[in-house]
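Notes follow the structure.
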Amino acid sequence: ILEISGIGPSELRFLIDLDPVVGKDVDTIGKLLAVFPKISESDIQRLTKPTTNADSAISLDILASDIDRHRIKFFTIRGRATSVKRQYIIPEAARLIGFNSFFWVTIKATDSDIPIRIATRKLPIAWFPDSWKRPAAVVVAATKDPPAPQIDQQVPFEIDEPILVDGLLLKTTVENEQLELIMAASRVKWLPSNVSTEQHVHSSMVLLSQHGFDSGLLDEIRRTNKLALGHNDREAFYQILKIFQPSSALDSIQQVHRQSPPPTPKIVDYFNDTHTLQGQFVTIHGDVRQISRIAIVNSKMQQRFGSDHYWQLDLSIPIGKHRIRVKTTDADQNGIIFQNRFPLQVCVNHLPPELQQAMNELRQGIDERKLLREKVTVQGIFFKLWSYQSALTMRDGPEREQLSPLIIGSAIRIHSKPVADHSRHGIYVAIAFIGALLVITFFLIRVGKADRQAKKRTAQTRHRLDDLNELTDISTHE
């Protein structure tokens, strides 16, 4: 893969073991990091070997003692990141590869005392001091001065974060009389183990990280809000979806939520507090209106994911008497107005049997309805606000798109439909009711017959007024 991308033996010959990491090393590492975006995460995982002291793995001590045999191979390192330093690249090389710096991350491995230095371009935003973040860069740009390196970004900063990284072994070096492994990686995966208000780490991130989710990927999907699902969403999307496949990981997540169910945000919360809610477990109540089978077209992702499809549920969520106007862009003056209900999508690995049956009956014409109306409660991760075209938006032209929350479902509960009572108690009540009607009917018939007989007996003796003037006489006598 590296040779196809232009990284061959001539480039790698500058990586000399036990020598300090100098200019030529930096240039070579920069070229490697420029190639990594062309290598899929599926390929990296396929090529990566574990590094532990177990019999089935290669230990870091073996890597250090036989570097030539294991050079330019991927190995999984688990441990804690302890410091970060920015490494600048000389301008001539930077122009060729398209970026002017990368990061060195020092890692203390879980199962070894050999320190590791990882070169990477992607780190979680939450790790950086405030002085490193974007507002400082905006001030520099506003001055129209040449973009010189900032002094405070040249100084290393210390951290203590749990990580996992699939690193490409490059060389060994000696730092402060200590042997050190030098590796490169597309990203350092962040696995936070504690809730942190300062770093915006919520309990859902901690729960997902326990099962291998890279919380740093939330930075990627926050940049793609209000856009369709794309390349930058794919890794986070499939990592979460895979965790929610039937397994001990899913069982433990559902056990947590049985004891403490996730909150139920209002629809407007997904629009007003998008970044805060992203990556959090939520609860959704609504009606399933449509079910779609979504094919996974990437063969490498199929193999890694263990399936060639997933399911998308189109839900209709009640919003009461509220009216919600959704604008895709600032230029959209009118937007789309929703009353009473709002659309929302849920992606799941498997359909519950009840939904599968309802969908089959609808397709076969057994059910006369044109749309499903299955009431469900869904628990899952709020992934992002995404845009898509619907029948409603197509009426206004192909330029208009729908914005809706996208949920990756971890659990679905189908609300059972009311059924007739076929128990003996119900039968007894029905019999009693019919008996009461018969008794009342018989009583009315008897009473009516007796009344007719009485009238017949007294018909000849009843007083008869032959002249209506007698009424006047009566009133006069009074």
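Index from 1, following the sequence.
Using modelled atom types, one side-chain atom of Lys384 and one backbone atom of Leu227 make a donor-acceptor pair closer than 3.5 Å. Looking at Glu161, its side chain never comes within 3.5 Å of a backbone N or O of Thr82 through a donor-acceptor pair. Judged purely by atom type and a 3.5 angstrom limit, Asp214 uses its side chain to pair as donor or acceptor with the backbone of Gly216.
Using bins of under 30°, 30° to 60° and over 60° for the plane-to-plane angle, the ring pair Phe271/Phe342 lands in the perpendicular bin.
Aromatic rings from Phe128 and Phe157 are positioned such that their centres are separated by under 6.0 Å. Between Phe102 and Phe36, the ring centre distance reaches or exceeds 6.0 Å.
Counted within 6.0 Å of CD on Gln255, heavy atoms from surrounding residues, nucleotides or ligands total more than 12; the atom is thus considered enclosed. The environment of NE2 in His322 is sparse: at most 12 heavy-atom neighbours from other residues, nucleotides or ligands sit within 6.0 Å. Counting non-hydrogen atoms of neighbouring residues, nucleotides and ligands closer than 6.0 angstrom, the NZ atom of Lys122 reaches no more than 12 such neighbours.
A salt bridge links Asp25 with Lys171: the distance from a Lys NZ or Arg NE/NH1/NH2 to an Asp or Glu carboxylate oxygen falls below 4.0 Å.
Summarising the geometry of Pro124 relative to Asp219, their closest heavy-atom pair is CA-OD2, 3.5 Å, with the distance given to 0.1 Å.
Residue pairs satisfying the ring pair (Phe, Tyr, Trp, His ring centres under 6.0 Å) criterion with at least one member in residues 193-221, sequence neighbours excluded, are absent.
By the salt bridge (charged side-chain N to carboxylate O under 4.0 Å, His left out) test, Arg117 pairs with Glu175, Glu180, sequence neighbours left out.
In this structure, Arg121 is positioned above the aromatic face of Phe99, its NZ or CZ under 6.0 Å from the six-membered ring centre and within 45° of the axis.
How far NZ of Lys108 is from CZ of Arg80: 11.0 Å, rounded to the nearest 0.5 Å.
Counting only heavy atoms from C-beta outward, the side chains of Thr172 and Ile182 never approach each other to under 4.5 Å.
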Enumerate, atom names and distances included, each donor-acceptor pair closer than 3.5 Å involving a side-chain atom of residues 68-75, sequence neighbours excluded.
{"unit_1": "Asp68", "atom_1": "OD1", "unit_2": "Arg71", "atom_2": "NH2", "d": "2.5"}
{"unit_1": "Arg71", "atom_1": "NH1", "unit_2": "Asp17", "atom_2": "OD1", "d": "3.1"}
{"unit_1": "Arg71", "atom_1": "NH1", "unit_2": "Leu170", "atom_2": "O", "d": "2.8"}
{"unit_1": "Arg71", "atom_1": "NH2", "unit_2": "Asp17", "atom_2": "OD2", "d": "2.7"}
{"unit_1": "Lys73", "atom_1": "NZ", "unit_2": "Arg69", "atom_2": "O", "d": "3.3"}

